[in-house]
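The chains referred to below are lettered A, B, ... by the order of the sequence lines, with proteins before strands, and numbering in each begins at 1.
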There are 2 protein chains.
Amino acid sequence: MSVGIRHDDLRRRNRAMVIGAVRRGGQPSRTEIAATTGLSHSTISAISADLIAEGILTEGKPNEAGLLKRGRPQVGLGLNPKAATVMTVVLSLNFLSVAVIDYAGQVVAEEQRRLDTLTMSREALIGECTAIVRRRLEDPDLDVRSVARIALGIQGITDTKARAMLWSPITPQTDIAFADILEAEFGIPATMENDCNMMAVALRWRDPERYRDDFIAILLSHGIGMGLVLKGELFTGTHSSGGEFGHMIHRPGGALCRCGRRGCVEAYAGNYAIWRNARQLGEDTEPAADVSDAQMRTLAATARENDGPEREAYRKAGEALGYGLGSLFALIDPAPVAMVGVSAAAFDLIEPALREAIAQTAGGQHSKSISFDTEPNELPLIREGCAMRALTFVDQEIFAPGVQARAGAGKNVA
Amino acid sequence: MSVGIRHDDLRRRNRAMVIGAVRRGGQPSRTEIAATTGLSHSTISAISADLIAEGILTEGKPNEAGLLKRGRPQVGLGLNPKAATVMTVVLSLNFLSVAVIDYAGQVVAEEQRRLDTLTMSREALIGECTAIVRRRLEDPDLDVRSVARIALGIQGITDTKARAMLWSPITPQTDIAFADILEAEFGIPATMENDCNMMAVALRWRDPERYRDDFIAILLSHGIGMGLVLKGELFTGTHSSGGEFGHMIHRPGGALCRCGRRGCVEAYAGNYAIWRNARQLGEDTEPAADVSDAQMRTLAATARENDGPEREAYRKAGEALGYGLGSLFALIDPAPVAMVGVSAAAFDLIEPALREAIAQTAGGQHSKSISFDTEPNELPLIREGCAMRALTFVDQEIFAPGVQARAGAGKNVA
DNA sequence: CAGTGTTTTTTCGAGGCTCGAAAAAATAGG
DNA sequence: CCTATTTTTTCGAGCCTCGAAAAAACACTG
């Protein structure tokens with residue numbers, strides 16, 4: 001349950017905080033870190049001396065910042081790229097990509113591969129993942145011992161502990177404990193993350209101004225996914241990655257969803273649903289296995305040209321998303337939204353109906369003030385998110401080690 | 001942003017933890033506290049010596065626990081009832097109640113009053129609240145200086161900081177900063193809490209076995225409200241108390257809701273909605289201002305007797321609640337549910353349709369394993385929740401004081 | 001009823017951590 | 001070259017927690 005703070009936790013946490021301040025960027029000086037953390041200069045000085053001696057941080061070149069002030073110039077601290085390495089593995093429909101990233105966040109190597117994920121056996125899928133990781137680890141340019149963490153990202157549902165994929169639309173296989181498998185194979189700590197959660201993580205690092213403590217990342221792709229950051233923390237379900245926005249119910253008993261149920265938001269707003277409606281196939285039509293991005297772009301172009309069934313299909317998608325967001329906003333209050341994925345490029349077709357629907361809901365009071373941003377390409381976001389996830393793990397668990405995670409400290413509901 | 005841990009925070013947090021362990025009950029001995037907190041016996045000994053010297057804790061009578069073991073008997077620690085006092089003020093439809101509670105959680109005085117909240121002016125409403133508090137404070141049996149905190153509970157939406165009521169169904173008035181008003185009036189720290197959140201808090205204290213880290217409390221009353229505990233913490237919106245389960249959209253464009261919008265869960269499951277359907281008044285009929293508990297009990301009795309419109313009304317309520325819960329479970333995964341309020345007594349009429357609906361949703365996979373509990377009386381729960389909220393505030397902020405809440409310490413999304 | 005064993009609680013010195021103040025370092029301006 | 005200014009480091013003081021050992025409080029035994 002609730003657990004005390006031991007004396008050794010103190011240094012550990014403050015170390016993690018200094019590293020975090022440096023990772024957040026801007027080559028902060030010791031003085032700046034002291035200011036933002038509220039700790040004394042002496043403490044920051046001591047901690048950063050340690051971290052530099054251990055090769056985790058480096059002192060930047062002085063005079064780097066340009067403008068010269070009167071006194072002793074600040075010396076910026078940066079992450080030592082050689083301090084460690086992490087790997088990201090992103091598994092999406094028919095596509096596997098891996099990247100090696102240095103401690104400062106720069107990609108140092110990558111590899112991509114086309115697969116037929118929908119028909120592959122369990123063993124083949126696992127085999128491809130371990131094989132691609134092994135190839136990267138065998139790269140002579142890479143010091144294997146420096147690889148401190150592997151983060152996998154996958155479309156689908158993962159468990160809360162980020163160990164296993166529970167279900168995924170990209171494969172009929174279920175319950176694959178990828179994290180455990182990779183750990184056993186390579187002896188490197190690994191996690192299995194949900195794609196949309198990683199999108200949210202990446203957005204937060206990319207644009208901390210806009211995506212700070214509360215925001216929503218929605219993936220508009222074949223399926224509909226969501227990553228949610230609330231009060232500065234990634235929101236997950238109690239047992240799974242959660243946030244299955246696409247499977248909130250839009251119309252009870254409505255259109256057939258890929259998940260086999262009826263009336264989910266996705267059954268109106270997923271690519272296959274927009275496709276189905278645009279082709280006027282009827283709501284009971286079995287969802288198409290895949291609609292290519294090119295097909296979707298053509299569809300959007302047609303919809304923009306004339307007011308036919310294509311435009312109506314996007315309208316219906318907007319309506320479903322709007323009512324879904326409205327229900328979500330009833331629970332969490334409105335927040336900035338990032339629309340990601342190929343259909344985000346067609347957001348102009350979606351937005352009017354979406355806003356109209358939101359206006360009919362509890363979030364509607366501030367309907368106009370809700371801001372949307374679009375980002376058509378989800379894969380780079382997922383990879384960035386995985387990278388940051390892996391790197392912050394190294395920051396916190398390896399470079400600021402201590403008593404193992406004493407979860408729940410100080411938690412108290414009342 | 002993220003903030004370091006100062007040396008003085010250490011003792012403060014560990015003090016709070018010892019107090020928390022004692023409040024959680026069972027008259028724990030120092031040894032037991034040391035075990036559950038992971039701190040050393042020496043530390044616990046030192047801290048509890050302080051707390052006893054300060055009159056916050058008391059040593060229980062030895063031999064109290066009955067069964068005698070071999071060595072030196074454990075001496076249980078308890079809360080000193082005289083250490084402080086808190087007040088709870090619960091404002092609900094046409095009803096105002098206040099209670100004075102000692103530090104150990106026992107009610108030492110109370111007072112209740114009928115009001116006509118729906119027609120009262122802003123000033124009158126505020127006046128009644130301050131007046132009833134003043135009367136209790138002027139009670140000669142009460143040492144005013146001991147009153148350390150006032151917690152108000154109100155049906156409706158409050159702000160995240162628990163300072164103000166933003167909107168409430170019990171009054172046409174909006175945006176009343178009750179917490180600030182009471183603080184200014186009496187110089188005692190106060191908070192303004194959402195009723196359903198307090199229900200959840202109370203349930204957690206009442207039955208920590210069942211209501212531990214993840215559960216849902218749903219108020220089935222004139223309106224539909226929700227209190228949500230996720231990962232051990234009370235869930236609130238980004239700006240408001242949030243969790244407006246009753247205003248998730250069940251059927252876009254559907255039945256008229258008390259909030260003026262259409263198709264909300266509440267427009268099918270609130271007392272007025274059940275009433276409207278039972279009387280076959282049509283979904284556009286303006287919601288009745290109030291339906292008495294007695295009327296609802298009669299309705300439920302009729303519904304149990306024969307399969308008429310009354311039974312159908314409860315069925316529709318169950319369906320709306322089920323689909324709503326299904327959407328909620330898509331976001332947070334299934335969790336135990338407590339149904340509270342007068343219509344919880346008619347849960348037998350609601351449950352079949354509710355379970356059937358959930359089975360059609362993403363949460364449906366575990367439809368049968370979702371467990372429901374009922375509690376017809378919400379007011380005692382709300383008061384208990386307010387009491388615990390106020391008491392834990394005293395525990396943490398007054399008896400374990402230190403640097404003022406350095407929020408966000410260590411929060412990191414990636 | 002005194003001695004022994006057992007368990008809880010307190011005491012005490014050691015080791016760590018952060019802090020404030022002062023010193024040292026590094027630079028611009030005159 | 002000297003002074004003002006700002007950053008960074010050094011150093012002693014003050015807490016806090018810890019482990020080990022001592023003290024306390026009881027049950028059991030013969």
Checklist entry - Who passes side-chain contact (heavy atoms from CB on, under 4.5 Å) against Arg72(A), sequence neighbours left out? => result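 Arg72(A): no side-chain contact (heavy atoms from CB on, under 4.5 Å) contacts found.
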Checklist entry - What is the per-nucleotide protein-contact pattern of nucleotides 14-21 of chain C, from the 5' end, where B denotes a base atom under 4.0 Å from a protein heavy atom, S denotes such proximity for sugar-phosphate atoms only, and - denotes neither? => result -BBBSBBB
Checklist entry - How is Ser45(B) classified with respect to the nucleic acid when contacts are heavy atoms under 4.0 Å: base, sugar-phosphate, or nothing? => result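 Base contact.
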Checklist entry - Taking all non-hydrogen atoms of both residues, which atom of Ala335(B) and which atom of Phe215(B) are closest, and how far apart? => result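 Closest pair (atom of Ala335(B), atom of Phe215(B), distance): CB-CA, 4.1 Å.
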Take atom [atom1] of [X] and atom [atom2] of [N], then tell me their distance rounded to the nearest Å.
| X | N | atom1 | atom2 | answer |
| --- | --- | --- | --- | --- |
| Ile52(B) | dT8(C) | CD1 | C1' | 14 Å |
| Ile33(B) | dT8(C) | CD1 | C1' | 13 Å |
| Arg13(B) | dT17(D) | CZ | C1' | 16 Å |
| Glu59(A) | dA26(C) | CD | P | 11 Å |
| Asp9(B) | dG14(D) | CG | P | 20 Å |

Taking the side chain as every heavy atom from C-beta outward, state whether [X] and [Y] have any atom pair closer than 4.5 Å.
| X | Y | result |
| --- | --- | --- |
| Val18(B) | Thr37(B) | no |
| Ile150(B) | Glu183(B) | no |
| Leu228(A) | Ile332(A) | yes |
| Arg204(A) | Asp213(A) | yes |

Checklist entry - Should we say atom NE2 of His41(A) is surrounded by more than 12 heavy atoms from elsewhere, each under 6.0 Å from it? => result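 Yes, NE2 of His41(A) has more than 12 neighbouring heavy atoms, counting only those of other groups under 6.0 Å.
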Checklist entry - Would Glu54(B) and Arg15(B) satisfy salt bridge (charged side-chain N to carboxylate O under 4.0 Å, His left out), going step by step from the backbone distance to the final call? => result CA-CA 12 Å; Glu54(B) 294 169 36; Arg15(B) 271 175 72 104; 2.8 Å; yes
Checklist entry - Does any N or O donor sit under 3.5 Å from an N or O acceptor when you compare the side chain of Arg72(B) with the base of dT8(C)? => result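 Answer is yes: a donor-acceptor pair is held.
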Item to check | Axis-to-axis angle between the two ends of the helix from dC1(C)-dG30(D) to dG30(C)-dC1(D) (five base pairs per end, rounded to 10 degrees) | outcome: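 Its terminal axes enclose an angle near 10°.
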Checklist entry - In terms of the nearest nucleotide of DNA chain D, which residue is placed more toward the 5' end: Ser29(A) or Gly71(A)? => result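 The answer here is Gly71(A).
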Checklist entry - Distance check: side-chain N/O of Arg30(B) vs OP1/OP2 of dT10(C), anything under 4.0 Å? => result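 For dT10(C), OP1 or OP2 has a side-chain N or O of Arg30(B) closer than 4.0 Å.
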Checklist entry - Angle class for the His7(A)/His7(B) ring planes (parallel below 30°, perpendicular above 60°, tilted otherwise)? => result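 Plane angle under 30°, so parallel.
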